Structure formats: C-alpha cells, structure tokens
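Let me begin by presenting the structure, written as structure tokens, before commenting on it.
Since the structure is predicted, the reported quantities are computational estimates derived from the model, not experimental observations. If you read the sequence from its start, that first residue is 1, and numbering goes on from there.
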Amino acid sequence: MIHRLSFPVRAVALATLMLGALGAQAQDKPVELKFAHWLPASHPLAKLGFEPWAKSVEAASKGSIKVALFPAQQLGKAADHYDMARDGIAEMTWVNPGYQAGRFPMIAAGELPFLIAKPGPGSAALDQWYRTYAGSEMKDVKFCFAHVHIGTFHAKKPITEPGQLKGMKIRSANGTVAQTMTLLGATNVQVSAPEARDALEKGVADAITFPWNSIVTFGIDKAVKFHSDMRFYASDFVWVMNKPWYDKLAAGQKKVIDDHCNNEWAAKVGGAWGDEEDSGQGKLEKTAGHTIVKITPAQLDAWKKAVEPVYAQWTKAADASGNPGAAALEALRKELAARQAGN
C-alpha cells in the first residue's frame with residue numbers, strides 16, 4: 001500500500017530536511033580560533049585551563065572549531081592582549097585587566113587587598129558579579145569569563161608589617177596593588193610577569209607581589225627568598241573574544257562557545273589553577289634557603305587597616321564610571337559570602 005503525505009506534511013518534512021542540511025553545512029564549516037596568552041607553554045594554567053578548554057571546544061563542535069594556542073607573548077606583549085582580541089590579531093586572548101590601570105575600573109574590585117581568599121569560589125563570585133558590567137566596560141569584545149589567583153609578597157628580606165614598605169621598590173601585580181603600594185610609601189616597578197625576574201635580579205625591584213607557585217614557574221625563586229604568609233591580594237583575569245569572529249559562527253558553533261563562556265568554566269579554571277598556585281607555598285617551605293614569613297593576628301589587623309583607603313579610591317573610581325561604587329562593592333561581598341570565598 002502506498003501512503004501519500006498531504007501537502008502540509010510534505011512541506012514540513014521538506015523544510016525540516018533543508019534546515020537540517022543547512023545546519024549541518026554551517027556546523028561542519030571549519031574555523032580556527034587563535035588563542036593568545038603570555039604565559040610559558042609549560043605553565044600550569046596552560047595545562048589546567050587553556051588546553052582542557054580548547055579540547056572541550058573542539059570536541060563539542062565535533063572538530064569544526066580548531067583551537068590554536070599561542071603562548072609566551074608570541075602575538076603581542078602581555079599588556080596588549082585585550083586590544084589584540086578587539087582588533088582580531090587573535091580570536092581569543094587571556095587578559096590581566098590590571099596591566100592597564102584605570103581602563104577597567106569595575107573589574108578592578110576583584111583586586112582589592114584582603115577581599116578574596118579562595119580562588120575557585122572567588123572566581124565564580126567575581127565572574128557572576130562582573131557579568132552585570134562586562135557588556136559596557138568591555139563592550140568592544142565578547143566577554144567569556146573571569147577568574148582570579150591569590151598572591152602575597154615575595155622579597156629579598158622579610159616583610160611582616162605595612163610600615164616596612166616605605167622606600168622599597170616593589171613590582172605590583174596590577175593597578176590596584178600599585179595604588180596600595182603608593183599609599184604605603186613604596187615605589188612601583190611596572191613590569192609584566194615574564195619580565196619580573198629580570199627586574200629583581202638587576203635590583204630594579206626589591207620585592208614582588210605574585211602567586212605562590214608561579215614564583216617557581218617563572219624562576220623568580222632564584223631572586224627572592226622570603227615569602228609573606230598572608231592572602232594579600234587577588235589578580236583578575238578575563239578571557240575575551242573578537243566580536244566579528246564570533247558573530248560569523250554558525251548557530252551551533254556559537255552555542256559551543258557560549259557553553260564554554262559561562263560561570264561554570266570560571267569556577268573550574270579558577271579553582272584548578274588557584275589551588276595549584278597555592279600548592280607552591282608548601283614547595284617553597286621545603287626548599288632550602290627559602291623562608292615562609294609568618295604574620296601574627298596583630299600584624300594582619302595592621303595591614304587591613306592600612307589598606308582601607310584603597311577601598312575608598314575604588315568606590316570613587318566606580319562612581320566616576322557611572323556605577324554606584326558602594327552598592328557594587330556590597331553586591332560583590334554578598335556574592336563572595338554566598339560562596340564562602342571572602343577574606
């Protein structure tokens with residue numbers, strides 16, 4: 001018996017087949033995503049963040065999105081990576097917004113001293129909070145996600161109290177730490193992470209603010225021997241994408257990218273890398289010639305009191321950007337508290 005389909009049914013079936021074919025063609029069209037960063041290719045974040053993310057994108061897109069990693073400033077200097085994504089030098093970049101102090105005032109909240117204590121939940125909190133502001137503050141790129149690491153002082157002599165910083169030359173991790181150093185009487189040495197060891201060895205800097213394990217990764221353990229045991233600061237990092245490249249993707253490919261540019265990935269990358277960075281404290285403690293400098297509760301209180309004006313400076317900068325600073329900071333504190341990530 002021959003079954004004849006009515007015209008409406010045939011039309012729907014034909015349209016479905018055509019849409020499926022078009023979707024498959026668009027999905028199958030190969031594209032390359034050049035992902036630039038400025039860390040060494042062997043850096044733990046490459047193994048714990050960049051490479052797993054790239055492999056996951058390739059698998060989810062069934063190979064139609066090929067990710068090519070460009071480490072170690074191959075496509076541009078560390079401070080230029082945001083503009084590299086904007087201008088299409090790379091389709092995606094890993095950015096430290098604090099390398100351009102004052103340009104991104106809202107996300108600088110995550111850099112405030114003694115605010116974030118735990119990198120995984122802290123990354124999730126900062127990312128969730130910043131999504132309110134990313135569309136305007138980073139409007140010329142597609143924001144993917146944000147995460148943090150936690151750091152402290154590593155120096156040629158023990159640092160236990162804020163008064164010791166007066167007159168010292170310190171390589172600051174970001175713009176907010178630089179403000180803090182100025183407040184406490186130190187001279188800022190503005191160099192990127194890959195240039196930090198050289199600055200210390202040549203005497204351009206006396207100390208550095210840095211996460212624990214990267215001291216070893218970048219070879220800075222050869223230049224500094226004293227490490228202050230406190231959760232002094234955080235550095236923010238964002239993964240951003242070239243907008244025109246994203247806009248040209250097929251619908252299925254856009255969904256793959258969107259599924260990899262979310263709060264879940266912020267927590268995953270922030271936790272994996274942050275915990276690995278923190279493990280460096282134990283390594284240095286066991287390394288001959290290195291000293292973990294303990295901070296007493298009274299000394300910690302003195303530090304927190306000394307940096308209070310930096311919070312007022314951030315609030316003023318947020319207000320100037322058109323966002324109510326006090327309310328924004330309170331919202332971030334609530335996100336951190338909900339995840340038990342505050343300092």
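Ion pairing between Lys202 and Asp198 holds under the 4.0 Å rule for side-chain N and carboxylate O. Checked for salt-bridge contact, Lys66 and Glu32 miss the test: no charged N lies under 4.0 Å from a carboxylate O. A salt bridge links Arg86 to Asp83: at least one charged side-chain nitrogen sits closer than 4.0 Å to a carboxylate oxygen. Salt-bridge annotation for Asp301 and Lys305: absent, with no side-chain N of the basic residue lying under 4.0 Å from a carboxylate O of the acidic one. Using a 4.0 Å cut-off between a side-chain N of Lys or Arg and a carboxylate O of Asp or Glu, Lys304 and Glu308 do not qualify as a salt bridge.
Under the 4.5 Å side-chain criterion, counting only non-hydrogen atoms from C-beta, Phe226 is not in contact with Lys156. Contact check for Thr180 versus Tyr233: no side-chain heavy atoms found under the 4.5 Å cut-off. Contact annotation: the side chain of Phe35 never approaches that of Thr93 to less than 4.5 Å [non-hydrogen atoms, C-beta and beyond]. With a 4.5 Å cut-off on side-chain heavy atoms, Pro119 and Asp278 count as touching. Under the 4.5 Å side-chain criterion, counting only non-hydrogen atoms from C-beta, Ser56 is in contact with His260. Contact check for Ile65 versus Ile257: side-chain heavy atoms found under the 4.5 Å cut-off. Side-chain contact between Trp314 and Leu329 is present, with at least one heavy-atom pair separated by less than 4.5 Å. The shortest side-chain heavy-atom distance between Asp140 and Lys243 does not fall under the 4.5 Å cut-off.
Under the 3.5 Å distance criterion, the side-chain polar atoms of Glu285 are left unmatched by any main-chain donor or acceptor of Gly280. A donor-acceptor distance shorter than 3.5 angstrom exists from the side chain of Asn262 to the backbone of Glu264, with no hydrogens or angles considered. Within the 3.5 Å criterion, the main-chain N or O of Lys34 finds a donor-acceptor partner in the side chain of Glu91. Between the side chain of His43 and the backbone N or O of Thr217, no donor-acceptor pair lies under 3.5 Å. Tyr311 contributes a side-chain N or O that, together with a main-chain N or O of Pro113, makes up a donor-acceptor pair within less than 3.5 Å. Thr187 places no side-chain N or O within donor-acceptor distance of the main-chain N or O of Lys169, the cut-off being under 3.5 Å. The backbone N or O of Ala146 sits less than 3.5 Å from a side-chain atom of Asp127, completing a donor-acceptor pair.
No hydrogens or angles considered: nothing links the side chains of His227 and Thr291 as a donor-acceptor pair under 3.5 Å. Judged purely by distance below 3.5 Å, without hydrogens or angles, the side chains of Gln190 and Ser172 never pair a donor atom with an acceptor atom. For Trp303 and Gln299, the side-chain atoms include no donor-acceptor pair closer than 3.5 Å. One side chain, Asn174 or Ser235, offers a donor N or O that lies under 3.5 Å from an acceptor on the other. Using modelled atom types and a 3.5 Å distance limit, the side chains of Ser214 and His149 yield no donor-acceptor pair. There is no side-chain donor-acceptor pair under 3.5 Å between Asn242 and Lys142. Checked by atom type, the side-chain pair Asp258/Tyr246 shows a donor-acceptor distance below 3.5 Å. There is no side-chain donor-acceptor pair under 3.5 Å between Thr182 and Gln179.
Relative orientation of the Trp38 and Tyr99 rings is tilted, given thresholds of 30° and 60° on the angle between their planes.
A chain of hydrophobic side-chain contacts below 4.5 Å, direct or via other Ile, Leu, Val, Met, Phe, Trp or Tyr residues, connects Val216 to Leu39. Criterion: ILVMFWY side-chain heavy atoms under 4.5 Å apart, direct or through other members. Under it, Leu300 and Ile150 are part of a common hydrophobic cluster. Taking hydrophobic clusters as Ile, Leu, Val, Met, Phe, Trp and Tyr residues chained together by side-chain heavy-atom distances below 4.5 Å, Met84 does not share a cluster with Ile107.
Taking the six-membered ring for Trp, Phe145 and Trp53 have ring centres at least 6.0 Å apart. Aromatic rings of Tyr82 and Phe104 (six-membered ring for Trp) have centroids within the 6.0 Å cut-off, being under it. Aromatic rings from His37 and His81 are positioned such that their centres are separated by 6.0 Å or more. Note: Tyr130 and Phe143 meet the aromatic proximity criterion, with ring centroids under 6.0 Å apart.
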>> Assess the residue pair Phe237 and His147 against the criterion (ring pair (Phe, Tyr, Trp, His ring centres under 6.0 Å)); give the C-alpha distance rounded to whole Å, side-chain angles, the decisive distance to 0.1 Å, and a yes or no.
In response: CA-CA 5 Å; Phe237 301 92; His147 61 98; 5.7 Å; yes
> Which is it for Phe70 and Trp94 under the ring pair (Phe, Tyr, Trp, His ring centres under 6.0 Å) test, yes or no, and what are the steps along the way?
Replying inline: CA-CA 11 Å; Phe70 291 84; Trp94 183 67; over 10 Å; no
